[in-house]
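Report on the structure given below.
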Amino acid sequence: MASTVRVRFAPSPTGPLHIGGVRTALFNYLFAKKHGGTCILRIEDTDQNRYVPGAEDYIMNALEWCGIAFDESPKAEGNFGPYRQSERKALYRECIEQLLASGNAYYAFDTSEKLDFHRKDHEKKGKTFIYNWHNRSKLDNSLSMDTNTLNERLNSGEPYVVRFLSPENRTLQLTDIIRGTIEIDSNTLDDKVLFKSDGMPTYHLANIVDDHLMEISHVIRGEEWLPSLALHQLLYDAFGWDAPQFAHLPLIMKPVGKGKLSKRDGEKGGFPVFPLSWNDTTGYREAGYFPEAVVNFLALLGWNPGTEQELFGMDDLIEAFDLDRVNRSGARFDPDKTKWYNHQYLQQRSTESLVEDFLPILNEHEVPAELLGSDRVATIVDMVKERATFVSDFWGLSHFFFKRPETFDAKAVKKQWKTDTPDIMNRLLDVLKETDAFSSDTVEGIVKAWIKDNDFSFGQVLAPLRLVIVGAMQGPHVFDILAIIGKKETLARIDRAITTL
RNA sequence: GCUCCAUUAGCAUAGUGGCUAGUGCAUCCGACUUUCUAUCGGAAGACAAGGGUUCGAUUCCCUUAUGGAGUACCA
């Protein structure tokens, strides 16, 4: 059993994949790997109107960036191809004929306008129009006409769709791995369109046919499909096929307010909702997130290990993942938590790789090459990374190592720069000039001793010193900064501040 | 409206028919650093409501409320 697991992620190329989709792909991937199974990518491009060029590549690139790999996909076909539904049209045609022949489906000629009218009309009366047992005989379909008329209309080239004939008076027992048994009264179901007038199948038909033909064992998809489960089960029955097992994942909800997470929430809240940038919207990658962080927080959206562990690499996730531990209720998306994850992963990164990522930023700021020795940059990175969430935070946390402060924080100046400060700084300058060894410890020892000897308070000296060196009241230990920028630069900054402040 | 799903602190969640309901993020306070958005320590904060079942329910059942999804020739 364990070796026959075959799952699939089946996105529709109608735009960039949002993180909910990535999460679905991730859960499929984890489940497959956990059970030594196969993970398939199938492109569901049956809607010609909504097809967006580039979306398919985007999906593959995004998933690849996350480290989600497929054993079979349009790029690497296995024995069940093609892996794009638009290339499988003939298959659906055959299958719909089978359903028509067995009496499980029928032709319908009702126009969209007519159906819209019925829906609006019912709505006005506070009712819902459902195309099914209680009105299908009154509508324009093959159930309400004789064979001759049907053939005539079919041959005349009049557009038609094929609908599923939902059974009457049956209580369906559906099973979902996450939710258990669900009972549905078949009379509440409608006769869904299976085959569109443009010659393409709808999602429902194509999905069932492909999952069967591709020998999918477990369908793991979003909760928005739960209401369709009855139809899908009925379709498997109509074909006489064994249905796979189903698991419906909880939706990802907005950080605040009602409803599911949308692109707009990201714009409002200032966080990405797409893995990679798409047109003018920024993706997680471009915002500076590490793929490990994205995967980690996505995994914990709707699933938890039942332990207090929060940090999981992909291998840990494969090990720990289990469909039984997926939640039933919607998972609220928390942008703060995603930052927390990135902070965690940034701390775990090697200094070398952080330096490598930081160097281009340093160059953008036109830092002179002699300040960019890899040891020097590494020391600085180690010093500031603790308070960084993204590599892009480094510059703000360390610019004073590379450039003299151009401005001084006005509030800090007001608070720290007293009338006697220039005099104290001048005297400090003299002390510093005398010292040749400029290591952090030595300078700290000398300066502190000098402060005591002169009956100054630490705040009187150290606070303005930080201000002068950094430009604001922030940054690592002052004496560490001094040691790195060196004696000459230290003296120059103090000197300049005395004259300009 | 109808169908289905859900409901533990501000948020995400763990957990149990009976010991002070655990954890993380956020919040507040303290310490450190005579800087801090970091780190460390501490605090506050929850079983939606009402009925049952039971010796006993946050845990099982029902009702209500609230939230979510679907209700397309979209997926």
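The figures here come from the full heavy-atom set of this structure, side chains too, leaving out hydrogens, waters and symmetry mates. Just so it is clear: chains get the letters A, B, ... in the order the sequence lines come, proteins before strands, and each one is counted from 1.
Straight-line distance between the C1' atoms of rA65(B) and rA38(B): roughly 44 Å, to the nearest whole Å. A distance of about 14 Å separates the C1' atoms of rA75(B) and rA69(B), rounded to the whole Å. Of the P atoms belonging to rU59(B) and rA9(B), the separation is 14 Å, rounded to the nearest Å. Taking atom P in both rU8(B) and rG67(B), the straight-line distance is 14 Å, to the nearest Å. Taking the C1' atom of each, rA14(B) and rG22(B) are spaced 6 Å apart, rounded to whole Å. The P atoms of rG18(B) and rA57(B) are separated by 11 Å, rounded to the nearest whole Å. rU7(B) and rC61(B) have their P atoms separated by 12 Å, with the value rounded to a whole Å. Distance check on atom C1': rG15(B) versus rU58(B) gives 10 Å, rounded to whole Å.
The interatomic distance linking N342(A) (CG) with rU37(B) (P) rounds to 21 Å, in whole Å. Following rounding to the nearest Å, K415(A) (NZ) and rU35(B) (P) show an atom-to-atom distance of 10 Å. Following rounding to the nearest Å, R328(A) (CZ) and rU59(B) (C1') show an atom-to-atom distance of 13 Å. Atom CE of M383(A) and atom P of rC36(B) are 19 Å apart (whole Å). Distance F271(A) CZ to rC11(B) C1': 13 Å, rounded to the nearest Å. I481(A) places its CD1 atom 11 Å from the C1' atom of rC36(B), with the value rounded to the nearest Å. Distance, D409(A) CG to rC36(B) C1': 12 Å, rounded to whole Å. Regarding W303(A), its CH2 atom lies at a distance of 11 Å from the P atom of rA14(B), rounded to whole Å.
With a 3.5 Å ceiling on both atom-pair distances, the Watson-Crick or G-U wobble partner of rG70(B) is rC2(B). Across all strands shown, rG24(B) forms a Watson-Crick or G-U wobble pair, both distances under 3.5 Å, with rC11(B).
Here the side chain of D191(A) pairs a donor or acceptor atom with the backbone of S166(A) at under 3.5 angstrom. Here the side chain of Q98(A) pairs no donor or acceptor atom with the backbone of C95(A) at under 3.5 angstrom.
Checked against rU13(B), rC5(B), rG15(B), the side chain of R325(A) finds its nearest nucleotide in rG15(B). The I184(A) side chain lies nearest to rU3(B) when the options are rU3(B), rU13(B), rU34(B).
Among the protein residues, R332(A) comes within range of the sugar-phosphate backbone only, with heavy atoms under 4.0 Å from sugar or phosphate atoms but none that close to a base. Residue contacts for R221(A): at a heavy-atom cut-off of 4.0 Å it reaches no nucleic acid atom on any strand shown. Across all strands, E183(A) comes closer than 4.0 Å only to sugar-phosphate atoms, never to a base (heavy-atom distances). At the heavy-atom level, A388(A) lies nowhere under 4.0 Å from the strands shown. Residue contacts shown for Q474(A) include a base, since a base heavy atom lies under 4.0 Å away.
In the model, D140(A) has no side-chain atom that pairs as donor or acceptor with a side-chain atom of Y160(A) under 3.5 Å. Checked by atom type, the side-chain pair E386(A)/Q347(A) shows no donor-acceptor distance below 3.5 Å.
An OP1 or OP2 oxygen of rU13(B) is reached within less than 4.0 angstrom by no side-chain nitrogen or oxygen of N304(A). Regarding contacts with the backbone of rA14(B), a side-chain N or O of N327(A) is found under 4.0 angstrom from either OP1 or OP2.
Taking for each of D185(A) and G459(A) the nucleotide of RNA chain B with the nearest heavy atom, the 5'-most of the two is the partner of D185(A). Along RNA chain B, the nucleotide nearest to S329(A) and the one nearest to W340(A) differ in position, and the one closer to the 5' end is contacted by S329(A).
R88(A) and P82(A) make their closest contact through NH1-O, 2.7 Å (heavy atoms, listed as atom of the first residue, atom of the second, distance). Shown here for P464(A) and G459(A), the closest heavy-atom pair between the two residues is CD-O, 3.4 Å.
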* Would you check, one step at a time, whether the test salt bridge (charged side-chain N to carboxylate O under 4.0 Å, His left out) holds for E94(A) with K89(A)? => CA-CA 9 Å; E94(A) 274 173 45; K89(A) 281 188 193 172; over 6 Å; no
* To do: Given salt bridge (charged side-chain N to carboxylate O under 4.0 Å, His left out), test E44(A) with R8(A) step by step and report yes or no.
  => CA-CA 11 Å; E44(A) 308 223 327; R8(A) 100 278 120 117; 5.2 Å; no
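A salt bridge between R349(A) and E292(A) is present, with a side-chain N of the basic residue lying under 4.0 Å from a carboxylate O of the acidic one.
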* Starting at the 5' end of nucleotides 68-75 of chain B, put B wherever the base has a protein heavy atom under 4.0 Å, S where only the sugar-phosphate does, and a dash everywhere else. => SSS-SBBB
